[in-house]
Structures are given as C-alpha cells and as structure tokens.
Amino acid sequence: MKHSYVAEVLASQDIHQEFTVKGWVRSFRANQFIALNDGSTINNLQCVVDYENTDPELLKRITVGAAIAVTGILEESQGKGQRVEIKAQTIVIEGDAHPEEVKLTILSPKRHSLEKLREQSHLRVRTNTFGAVMRLRSKLSFAIHQYFNERGFYQAHTPIITGSDAEGAGEMFKITALDLENPPKNEDGSINYKEDFFGKETNLTVSGQLEAETYALGLGKVYTFGPTFRAENSNTSRHLAEFWMIEPEVAFCDLDGNMDLAEDFIKYVVNYVLTHCQDDLAFLENRLVQEDKSKPQAERASMLLREKLQFVVDNNFKRVSYTEAIDILRNSKPNKKKKFKFPINAWGADLQSEHERFLVEKHFECPVILFDYPANIKAFYMRLNEDGKTVRAMDILFPGIGEIVGGSQREERLDVLKEKMAALDIPEEELHWYLDTRRFGTCTHSGFGLGFERLVLFVTGMTNIRDVIPYPRTPGNADI
RNA sequence: UCCUCCAUAGCUCAGUUGGUUAGAGCAUCUGACUGUUAAUCAGAGGGUCCUAAGUUCGAGUCUUAGUGGGGGAGCCA
C-alpha cells in the first residue's frame, strides 16, 4: 500500500485528511503519544493513540525501536512542541523490538557517548545525531556531483585496483588471488607474481590522480570521487584506512586557477547544505551548544555551527606563500616564547600540526591556502618554480580539521619530470604511460585532492572522522 | 608507530593503606496514573569488575603482557 513519509506529513496543510506513515518508534509516552521517525527528516511525527479503545496487547507491542505502520487523520496538535499530529485509527506492528533486548543496545532511549555508538555502528544511524550526519553526508555528495556537472566536468572512474606502485601517497594494501598458504615461488624463493591473477603485483589505489591526469589531457576537465585505501598505521581522529576522496584535474589551468577552483568548490557545497539541510544543521548546532556547556569558557566555540559555515561561504580564504608563512611563524609569539615543540628557525622545514593550527586558528582565524612549498618536502609530480627550489603546491587548511585539500600544478615538462623521478629512484618503466602524456601534447594542468570525510567533519561539527562514515576502517577495525 | 590517560550492572560512574555479602542514578520489568515532550510515583530483577599470567593467606584494588577506547604526535586527505 502507498504510504507517506514523515517529512511530507509534517509539511502538509491537508488537515482532516487520512495518511499512512511507516517508521520506527522513537518514544511512546503516557501510553498515548508515539514519536515516529522514518529517516526522511530528523523530526518525529507525533501519532496519538486512543488508548482506551485500543487492544492492550497491541499497546504493549508499541515499544522503542519497533517498526510500525500508522493510519490516521492529520490534525492540528493540542499540545505544544508540534504543529500537527496523526490521530491514529489503525496501527500495524511490522517488526517488534523487545524492551529487554533493546535496553542492551544503543536504541535504549537515553544519551549515549559517541564511543558507545561506534561499538554498535549498525544501529547508530537510528539516532538523531547519526541520522543528521548521514543525511548531510549524502547531500554533500550530491552537491559535489552537481557542482562539477554544472561546470562541464566529467567524472572519471579511475581504477580501484592499481598496477602502479609509484603513486607515492602512502602504504598500500596488496591485492592477490594467490593461495597465501602455498604461493608459487621464483627460483630465488621470492613470490612469483607472474602467476597471480593480473600477472603482476597489484594494490588498492591510494590516489586516482595520475590516471585522472591522463583523462584531463583528453576530456579537459575531470574529477574522481571514489574510495581510497591507505595501509598506514594511523590512529587519529582524522585518518581512515578506507576513505572517499574527490580529485578534480583540469587541463590548461595553473596553480592560481586551481586555488580559485578549490575555494569556489568548497563554498558551493557548504552553501548547498546551508540552504538544503537546515533542520539537520540546527540539530547538530544545538548538540554542540549543549556539549560546550560542560566545557570551560576558553574552550567553547566562538561561532555557532551555521555561523561558522556562513563565514566560510562569505569570506575569501587567506592565500599565503610558504615563505610568508615561515616569516609569520618565525616572528610569532609562541615561537619567540619557545611554546612550539618544533621551533621555526630556517626556511625549508616542513610545517607541523601546531604551526598550521597557529596560522589558521590564531593568526588568520579563517581558512588558509598555503602555496609554493619547498620542492624537497613535496611530491615528484609538482611543477618546479623558476627559483628552482619551490614547487607550485597548495594546501588548504581548515580550523579544527587541518589539511582538507592538497593539490598542485603538475610538472608538464618531460625533461624536468624525468630528472625528478631519477633523483627519487622512480623507474621510468613503471610510469611510461604517465610520461607519454608529457610526450604528446603536454600542457599546463592542475588538480587537487579533497578528503570527503574531512569535509563532512567540518560541515557537521563532528570531531572524530570515525563518526562521519557508516563503517569506519581503522587499524584493527573492520567488523562490519 | 610513539607519548599519555582510561576499561566495574544495558548506560554514566563511585568503590577507603589489598580484607566479610560489589554500590548509586538512569534504563528495563511489574503496578498506579494519563494531552505527554528526557512524563511522574511505588516495588522488583540485573555483575566473567576487559583478557591472560603473576605476587599474596586473600586482588575490582598491586605487577607484567595483550586487546579496545579517549587525547596528543607522526604519516596524510
């Protein structure tokens, strides 16, 4: 039978009309008021039961967590807290949820810590917080595709399984169909990968960038949006072993164009959720306000969640070269007072978390784009500047998140690229296809990688990356 | 991987220099009440004190190792 969704019913003006809604019981107060949620919105629909004329056996089965279908008449609510409610006429239990078992789970109607919710990740999407986070995640994903589609980008599905081990972005997960108990061996005792499924060693991708570059040099403007895998033993609130990354790559575009694109892109998707996800953002904003109340004054957020997002949309990101950043840091109070664990002395040092946080959270107090980094601390494919010591790299740093974007103008000159690879012992055979793009009609081109989960962290105000993806993969964790 | 803190009822936590029968609030169940919004009142049930080994007459408490988690760092998105 056709039924309506809670979001539609709550917005409906059809008073006295009949509706059927289906969802999960969030609470059942006073044997009379069901708070029903079906995931279509963070808001619950109040369904009022005429308990005096309802079978007591049925009433007993209306419990927190149960799936039910309610048919009744939409009426203006007599109580405060909701505009309309459904006067239930018939209630059908689709799936029971026994209270004695429910109380052992996070579905029990009380406040749970995020750590506890993470232990039952298959049930946490039924909570307000995770419903809001996951709806926002989905809307952000849609906004990303819409942004690129409106601007003539094509999505390139770069491979998940890669035969190239020169991507250089981190430790990789091996892919094999060999019998690990008894693998075929070469004469010297090493494993003979020629007998493996692909006839060579393969891994899960750590980046689609190099393949995306080949597509940009044909389709013009492309982007990838897919899963990425890194076998790093990272145990932090901002790293996952499996995460989603957006990687635009644009032909005939220099670093300035790349920075313009990244900034415009972030502002667009943040603005999209500001206008399309008000209810979920309001809930998450309030959640943060409540959380802040138990913190000392100094640690409380200076802006509400939506104010913070609006600030990002309305203000230009501060663009600073690495050299300028070093000067600022060298003359900063914490550096002079030796408050930094890693003091800034000379040009050339890699910036530590504490330095990035100082620039973003204390000095500029807004998103910052750092560019033109020393060549020796950045990847081989970044374009060397005329000074011979810096490359056209850029990182976007966000308050509370750190690096959200890393990108560069790519080295398009074959000879310079080959020199770089030789210096880093990257064999040319490994990347012959990549070098071909520089042989045949090479051109200026640029791109960046944006960590999707880090964007979701920023937009939702959550602080642990494990709480913005359904089933987080981290060292020692891949249960579901 | 490194530093640091933590693990006791379904949840949040208390548990004295190592000592008899392991405690509270909330949740759950039973009953009462019924236009509620974290409903209210009364009563009841509920424990492998993370795992393993050790010290001891005796370990929730002390030691070692492991597992998981929080915060910070590195690697990065």
Side-chain angles (χ1 to χ4, degrees), chain A residues 26-35 43-44 46-52 59-60 63-65 75 77-82 85 87 97-120 128 167-171 206-209 224-225 227-247 262 290 299 341-342 350-357 377-379 395-398 401-407 448-458 463-469 474-477 479:
Chain A
R26 283 291 179 80
S27 74
F28 186 34
R29 283 185 297 274
N31 219 15
Q32 193 174 180
F33 303 99
I34 302 168
N43 301 308
N44 299 326
Q46 175 156 288
C47 301
V48 186
V49 183
D50 179 5
Y51 61 94
E52 285 168 325
L59 287 175
K60 266 184 151 176
T63 56
V64 172
E75 300 289 3
S77 178
Q78 296 171 32
K80 287 174 187 165
Q82 57 280 317
E85 62 193 19
K87 294 272 188 226
H98 300 286
E100 288 283 8
E101 292 174 50
V102 166
K103 80 163 192 184
L104 304 182
T105 74
I106 57 165
L107 296 179
S108 62
K110 60 187 295 299
R111 220 179 284 280
H112 299 276
S113 67
L114 292 171
E115 291 81 20
K116 182 52 64 179
L117 296 179
R118 219 174 285 148
E119 290 170 11
Q120 297 174 41
N128 285 332
E167 288 170 350
E171 291 295 311
V206 291
S207 164
Q209 181 202 314
T224 74
F225 188 174
T228 307
F229 307 89
R230 302 215 177 145
E232 303 283 351
N233 195 0
S234 296
N235 293 290
T236 78
S237 55
R238 55 188 192 285
H239 287 87
L240 290 166
E242 177 184 287
F243 64 99
W244 291 68
M245 187 155 65
I246 298 109
E247 296 180 287
Q290 299 305 320
E299 289 173 29
K341 199 174 167 195
F342 299 91
D350 207 350
L351 299 181
Q352 307 291 321
S353 283
E354 57 180 353
H355 307 134
E356 297 181 347
R357 291 181 69 165
I377 60 171
K378 288 290 182 182
D395 285 354
I396 301 185
L397 309 175
F398 261 45
I401 312 282
E403 185 179 343
I404 197 166
V405 162
F448 62 84
L450 180 141
F452 183 54
E453 282 75 18
R454 288 186 182 176
L455 180 65
V456 181
L457 271 183
F458 181 74
T463 52
N464 193 315
I465 202 163
R466 301 170 186 203
D467 296 331
V468 297
I469 187 168
T474 52
N477 285 296
D479 287 343

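Quick note: numbers below take in every heavy atom, side chains included, and nothing from hydrogens, waters or symmetry partners. No experiment lies behind these values; they were computed from the predicted model shown. Below, chain A is the first sequence line, B the second, and so on; all start at residue 1.
- As a whole-Å value, the separation of A:Asn235 CG from B:rA73 C1' is 12 Å.
- A:Asn464 comes within 4.0 angstrom of the backbone, heavy atoms only, and of no base.
- Among the nucleotides B:rG71, B:rU34, B:rG35, the one closest to the side chain of A:Asn31 is B:rU34.
- Applying the Watson-Crick and G-U wobble criteria (two distances, each under 3.5 Å), B:rU17 pairs with nothing in any strand.
- Here B:rC29 is the nucleotide among B:rC29, B:rA77, B:rA27 with the atom lying nearest to any side-chain atom of A:Pro99.
- Donor-acceptor pairing under 3.5 Å is recorded for the side chains of A:Asn128 and A:Arg26.
- When heavy atoms are screened at a 4.0 angstrom cut-off, A:Val102 is found touching no nucleic acid atom at all.
- For the C1' atoms, the distance from B:rC26 to B:rC57 is 40 Å, rounded to whole Å.
- Residue A:Gln78 places its side chain closer to B:rG35 than to any other of B:rG35, B:rG70, B:rU12.
- Side chain of A:Glu85, nearest nucleotide from B:rA73, B:rU36, B:rG71: B:rU36.
- Ring-base stacking between A:Phe243 and B:rA77 is satisfied, the centre separation being under 5.5 Å and the plane angle under 30°.
- Counting non-hydrogen atoms under 4.0 angstrom, A:Lys80 reaches a base of the nucleic acid.
- Residue A:Asn477 is the one, among A:Asn477 and A:Leu240, whose nearest nucleotide of RNA chain B lies closer to the 5' end (criterion: closest heavy atom).
- For the residue pair A:Thr228/A:Glu242, the side-chain donor-acceptor check at 3.5 Å is not satisfied.
- A salt bridge does not link A:Glu101 with A:Lys103: none of the charged nitrogens is closer than 4.0 Å to a carboxylate oxygen.
- A straight line from CD of A:Glu101 to C1' of B:rA27 spans 16 Å, rounded to a whole angstrom.
- If you check every strand for non-hydrogen atoms under 4.0 Å, A:Glu453 touches nothing.
- Two residues are said to be in side-chain contact when any heavy atoms from C-beta on lie closer than 4.5 Å; A:Glu171 and A:Arg230 fail this criterion.
- OP1 and OP2 of B:rG10 both lie 4.0 Å or more from every side-chain N or O belonging to A:Thr105.
- As a whole-Å value, the separation of A:Ile404 CD1 from B:rC76 P is 18 Å.
- Of the residues near RNA chain B, A:Ser27 and A:Val64, the one whose nearest nucleotide (by heavy atom distance) lies more toward the 5' end is A:Val64.
- Searching all strands for a Watson-Crick or G-U wobble partner of B:rU40 with both distances below 3.5 Å returns B:rA32.
- Between A:Arg466 and B:rG69, a side-chain N or O to OP1/OP2 separation shorter than 4.0 Å is present.
- The CZ-P distance, from A:Phe33 to B:rU40, rounds to 15 Å in whole Å.
- Among the heavy atoms of the strands lying under 4.0 Å from A:Ser77 is at least one base atom, whether or not backbone atoms are also near.
- Between A:Phe448 atom CZ and B:rC76 atom C1' there is a gap of 17 Å when expressed in whole angstrom units.
- On the P atoms, B:rA27 is 32 Å away from B:rU21, given to the nearest whole Å.
- Residue contacts shown for A:Glu119 are absent, as no nucleic acid heavy atom lies under 4.0 Å away.
- In this structure, CZ of A:Phe229 is placed 24 Å from P of B:rC75, rounded to the nearest angstrom.
- A salt bridge links A:Lys116 to A:Glu119: one of the charged nitrogens lies within less than 4.0 Å of a carboxylate oxygen.
- Taking atom P on both nucleotides, B:rG70 is separated from B:rU63 by 24 Å, rounded to a whole Å.
- Within the shown strands, B:rU67 is the pairing partner of B:rA7 under the Watson-Crick or G-U definition, both distances less than 3.5 Å.
- B:rC6 atom P lies 21 Å from atom CG of A:Leu114, rounded to whole Å.
- Atom CD of A:Glu100 and atom C1' of B:rA9 are 13 Å apart (whole Å).
- Looking at the side chain of A:Glu115, the nearest of the listed nucleotides B:rG35, B:rG69, B:rU28 is B:rG69.
- Using a 4.0 Å heavy-atom cutoff across all strands shown, A:Gly449 reaches sugar-phosphate atoms only and no base atom.
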